[in-house]
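Okay, so here's the structure we're looking at.
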Amino acid sequence: MTASSLKNTTDALPRSAADAHAAEVARGERFTFGKNWRKFLDTMSEERVQTAVMSVRNMLGRESLTGSRFLDIGSGSGLFSLAAHRLGAEVVSFHDDSDSVGCTNEMRRRYAPDSTDWTIRQGSVLDADFMRSLGQFDVVYSWGVLHHTGAMWKAIDAALERVAPGGWLFISIYNDQGAWSHRWAKIKRYYCSGPLGKVVVCATFIPYQLARDLAADIVWRRNPWTRYTKYSRARGMSPVRDWFDWLGGYPFEVAKPEAIILPVSKRGYRLINLVTCGGAPGCVEYVFRHDPAQANPV
């Protein structure tokens, strides 16, 4: 993977939006997700692609997306855009981070170089004009993204507006852990504050996490390596890259499942699938289906 292959050749953010993004990163107010995903591309394999395909298929309860339009909000590495493409969808991917756009371009170059139905753009879910320009989609997908925008509910509303009548919304949002979530927000902000913050947080968290997992595996007589191989089989992701995504993921907002399910249901959506995280600080996955009969204006 070369620098030129990661260069964004698609539609760019307006200069003011790009400058605002860069300024937030410089002030330690935003994590550069794209740099993390560039490293993830080094671990890509056909097995990861197939795992991602199975994840989308199982969550949506659909064997194929042929004939559907699929919007990937905050495409990151591009893995799940590729999964939707493999399932037959016409895909539109976007991210506000140029490195993430570059990663998605690289994913398309490697696995779908001749595709004419996968469009990659740079833009923000918070940009109302940009979002309207995309049209509506049969599936709107955003995994672990909307809570990093700094305006989570505005981002959720923007995603809902892109769902076509009868379509699906598939999102994941960090679980609200109360006081611990507030502590994690401070840790993440410190991580993004500069090189020292990154070193301190990584040197503290990663050894602690490894030691804790190893101790638990020894107590329960499990193979320590199994937890990492199983992790990749769940969604095709990398535990190491997800560690950095978790530690640096700022801005950071959270919500309890009922805080997501009830408002979205009142907007005319039925909850089709739900995967919680057992009270842990990870993401809760939600799949909703648009159904106007569900709307409750109260």
Side-chain angles (χ1 to χ4, degrees), residues 5 8-11 37 40-41 43-95 100-123 125 130-146 158-172 232-238 269-275 283 285-291:
S5 68
N8 175 29
T9 59
T10 57
D11 296 342
W37 292 127
F40 171 74
L41 289 181
T43 70
M44 269 304 301
S45 66
E46 181 60 30
E47 181 181 5
R48 289 188 186 276
V49 177
Q50 291 302 319
T51 299
V53 168
M54 188 61 66
S55 171
V56 173
R57 181 181 286 151
N58 289 344
M59 285 298 294
L60 293 177
R62 299 180 62 180
E63 288 300 309
S64 171
L65 294 178
T66 299
S68 299
R69 296 191 77 216
F70 183 100
L71 177 64
D72 188 355
I73 299 175
S75 56
S77 67
L79 176 58
F80 286 88
S81 291
L82 174 59
H85 183 269
R86 287 281 182 92
L87 288 169
E90 176 190 341
V91 178
V92 174
S93 317
F94 76 86
H95 206 292
S100 290
V101 173
C103 288
T104 305
N105 271 311
E106 174 66 9
M107 192 72 75
R108 183 179 61 182
R109 186 194 68 79
R110 291 186 190 181
Y111 292 96
D114 300 322
S115 175
T116 58
D117 54 5
W118 181 358
T119 302
I120 302 168
R121 300 183 64 180
Q122 185 169 0
V125 68
F130 171 76
M131 292 297 288
R132 280 193 294 269
S133 75
L134 301 176
Q136 290 191 304
F137 295 80
D138 302 290
V139 181
V140 174
Y141 174 92
S142 189
W143 210 104
V145 172
L146 305 180
L160 286 167
E161 290 172 359
R162 293 305 98 215
V163 180
W168 281 262
L169 175 74
F170 180 180
I171 61 175
S172 76
S232 298
R233 291 172 189 159
R235 296 182 61 247
M237 303 303 289
S238 160
Y269 289 80
R270 287 184 293 116
L271 183 68
I272 300 298
N273 206 347
L274 174 70
V275 176
C283 286
E285 298 178 79
Y286 307 86
V287 176
F288 294 93
R289 181 83 186 269
H290 179 251
D291 180 358

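Below, each value reflects all heavy atoms present in this structure, side chains not excepted, and no hydrogens, waters or symmetry copies.
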side-chain hydrogen bond (donor to acceptor under 3.5 Å, both in side chains) filter on Asp117, not counting sequence neighbours, yields His85, Ser115

Rounded to the nearest 0.5 Å, the CG atom of Leu274 sits from the CZ atom of Phe288 at a distance of 8.0 Å

For Pro165, the side chain to side chain contact (heavy atoms under 4.5 Å, CB included) test, sequence neighbours excluded, returns Gln136, His290

By ring pair (Phe, Tyr, Trp, His ring centres under 6.0 Å), Phe94 pairs with (sequence neighbours left out) Phe130

With sequence neighbours left out, the residues meeting side chain to side chain contact (heavy atoms under 4.5 Å, CB included) with Arg270 are Ile272, Arg289, Asp291, Gln294

Between the CZ atom in Phe80 and the CG atom in Leu82, the distance rounded to the nearest 0.5 Å is 10.0 Å

Those residues at least two apart in sequence (or on a different chain) that pass salt bridge (charged side-chain N to carboxylate O under 4.0 Å, His left out) with Arg69 are Glu90

Hey, are the side chains of His95 and Ile120 touching, using non-hydrogen atoms and a 4.5 Å cut-off? no

**Request:** Could you go through the side chain to side chain contact (heavy atoms under 4.5 Å, CB included) check for Leu60 and Leu87 one step at a time?
**Result:** CA-CA 12 Å; Leu60 293 177; Leu87 288 169; over 6 Å; no

Discussion item. Before you tell me yes or no, could you show the steps for Met131 and Val125 under side chain to side chain contact (heavy atoms under 4.5 Å, CB included), namely the whole-Å CA-CA distance, both residues' side-chain angles and the distance that decides it to 0.1 Å?
Written reply: CA-CA 6 Å; Met131 292 297 288; Val125 68; 3.9 Å; yes

When rounded to the nearest 0.5 Å, the distance separating CG of Asn105 from CE of Met107 is 11.0 Å

Arg62 meets the salt bridge (charged side-chain N to carboxylate O under 4.0 Å, His left out) criterion, sequence neighbours left out, with none

Salt bridge (charged side-chain N to carboxylate O under 4.0 Å, His left out) filter on Arg86, not counting sequence neighbours, yields Glu46

Residue set satisfying side chain to side chain contact (heavy atoms under 4.5 Å, CB included) with Ser45, at least two apart, ordered chain then number -> Glu47, Arg48

Sorted by chain and residue number, the side-chain hydrogen bond (donor to acceptor under 3.5 Å, both in side chains) partners of Thr116 (sequence neighbours excluded) come out as none

Residues passing the side-chain hydrogen bond (donor to acceptor under 3.5 Å, both in side chains) test with Trp118, sequence neighbours excluded, are Ser93

Rounded to the nearest 0.5 angstrom, the OH-CG distance for Tyr286 and Asn273 is 12.5 Å

Between the OG1 atom in Thr104 and the CZ atom in Arg121, the distance rounded to the nearest 0.5 Å is 14.0 Å

In short, ring pair (Phe, Tyr, Trp, His ring centres under 6.0 Å) pairs touching residues 53-72 with sequence neighbours left out are Phe70-Tyr141

In this structure, OG of Ser77 is separated from CD of Glu106 (nearest 0.5 Å) by 11.5 Å

On a heavy-atom basis, the closest approach of Gly144 and Ser172 is N-OG, 2.6 Å

Closest non-hydrogen atoms of Ile73 and Ser142, given as atom of the first, atom of the second and distance, are O-OG, 3.1 Å

